[in-house]
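Quick note on labels: first sequence line is chain A, next is B, and so on, each numbered from 1.
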Amino acid sequence: MSSISGQPQFRYTQPPSKVIHLRNLPWECTDEELIELGKPFGTIVKTKCNVGANRNQAFIEFADLNQAIAMISYYASSAEPAQIRGKTVYLQYSNRQEIVNNKVTADAASNVLLVTVEGVEAGDVSIDVLHLVFSAFGFVHKIATFEKTAGFQALVQFSDSDIASSAKNALDGRSIPRYLLQEHVGPCTLKINFSAHTDLNVKFQSHRSRDYTNPYLPVAPSAIDIAGQDGMKQEPESNVLLASIENMQYTVTIDVLHEVFSAFGFVQKIALFEKNAGFQALIQYPDIQTANIAKQALEGHCIYEGGFCKLHLTYSRHTDLNVKINNDRGRDYTGGNIATVSNQPSLLGPQPVPMPGATVHSYNSIPYPAISNGVSLPQVPQAAASWDIRSGAMAPLQLHNQSLPPQLHNQPLPPHLHNQPLHPHLHNQIHIQHVAPPGVAPHMMPLPGQRRQQLLFRPPQPYGH
DNA sequence: AGCACA
């Protein structure tokens, strides 16, 4: 324990530190007395007394190293030793660089997080969105939301503090992805602390509290609403879809969107716009059912292989888009008498513009051959298109669950599902060889739901870019 | 009189 030389090693080898270690203190010593002792030498930022088994040691931390040096130097050459309550105290530099107060457990890790959502008003962020966001890190047991002066807050309970910590580390200071929010909602930054709670007392399932461990908990009447089965949105259904495009590495044109969304029915109108530094599109179908099918089939899918241009679909509040002019920002396929910008060749001539007054049936009228190249295709129902990488052909992507409305059964296949060729004009538009990476064909890539969650905040970087 | 989980 002692040094080889017979003298304690620590005696002359302490490097300077802002922290001074004091010993031989009276047990009753207080922080005030430590401050009195050290104050003449500088600014004391922290003290700690009653340290050690005998509670007769203490620490003083100065704001500046030179102040600690001044105190040590003074008493090293002083005839009067440092004293507290008449007792000589011995000083030396501490072997630590700062006083740490582990007594303060205000921010101790907990399995319950206190989440403050900044920049929102009541109802902007549903409990289901929070559940989705936090479920990426583990099973969420309970959520309780409330409004305080601090704003919209939520307590999110995990099974243990490790999971809670990982969620906190990943999400604190970040924002809820735009596509989880309704159109009008601004950026929602999460500020996350550990709660002092360990188990929330959720009395019933409601729009403000949930217990995911107890499916038999009574449901508050106020919670029975029009939320969809996924519960992500409170928005009512609409024939107009709002598409947010995530990870948009490549240009997404109206023609591309038209191609993709036409697989489900006649697309009446499309409008593109930038919002909140993101890229969004409104796609108008003749009816809610068609929009519903497209929404469910395409949600989370990528337009391009490699996770690029992932679609996130919600119902718009619009029911009829006002497209005044056909250009690269807006398109009206209903054949109304509106102006057309001349530098949009794909709109002219053979562009598949159905007759005026077209209904969902009119999507059959798109002037493509029903079958091309003699390639027989799987039976309807078909939903989204999928490009075969090797052949460049488009293969059908099955709808997962629901049945199609009657009018979509036994119809000729939509143009996407045809092997070759597309109309020359459109062909060039949708193959997007100029935007896809070399050797990669445009491709509809379904991503599993869990992966979607994983990607929420950390979109993949394509090809090492 | 000799470095803090408190």
* To do: To the nearest Å, give me how far apart CD1 (A:I99) and C1' (B:dA4) are.
  => 9 Å

* Which residue, A:N247, A:I303, A:V252, forms the side chain to side chain contact (heavy atoms under 4.5 Å, CB included) with A:F308? -> A:N247

* To do: Just compare B:dG2, B:dA6, B:dA4 and give me whichever is closest to any side-chain atom of A:Q57.
  => B:dG2

* To do: Could you check how far CG of A:N95 sits from C1' of B:dA4, rounded to whole Å?
  => 10 Å

* How long is the line joining CZ of A:R55 and C1' of B:dA4, in whole Å? -> 11 Å

* **Spacing of A:R96 atom CZ relative to B:dA4 atom P, expressed in whole Å** => 6 Å

* Asked: Has A:F59 got its ring stacked on B:dA4, by the test of a centre gap below 5.5 Å and a plane angle below 30°?
  -> yes

* To do: Can you tell me the distance, in whole Å, between the CG atom of A:N50 and the C1' atom of B:dA4?
  => 12 Å

* **Electrostatic pair A:E28-A:R85, nearest N-O below 4.0 angstrom** => yes

* Rounded distance in Å - CG (A:L91) to P (B:dC3) -> 15 Å

* Asked: Is it the case that A:Q284 and A:H318 place a side-chain donor and acceptor less than 3.5 Å from each other?
  -> no

* Asked: Would A:F264 and A:Y285 count as a close aromatic pair, with their ring centres under 6.0 Å?
  -> no

* Interatomic distance, A:E98 CD vs B:dA4 C1' [rounded to whole Å] -> 13 Å

* In whole angstroms, how far is the C1' atom of B:dC3 from the CD atom of A:E61? -> 14 Å

* Select from A:A53 and A:N24 the residue whose nearest nucleotide in DNA chain B is closer to the 5' end of that strand. => A:N24

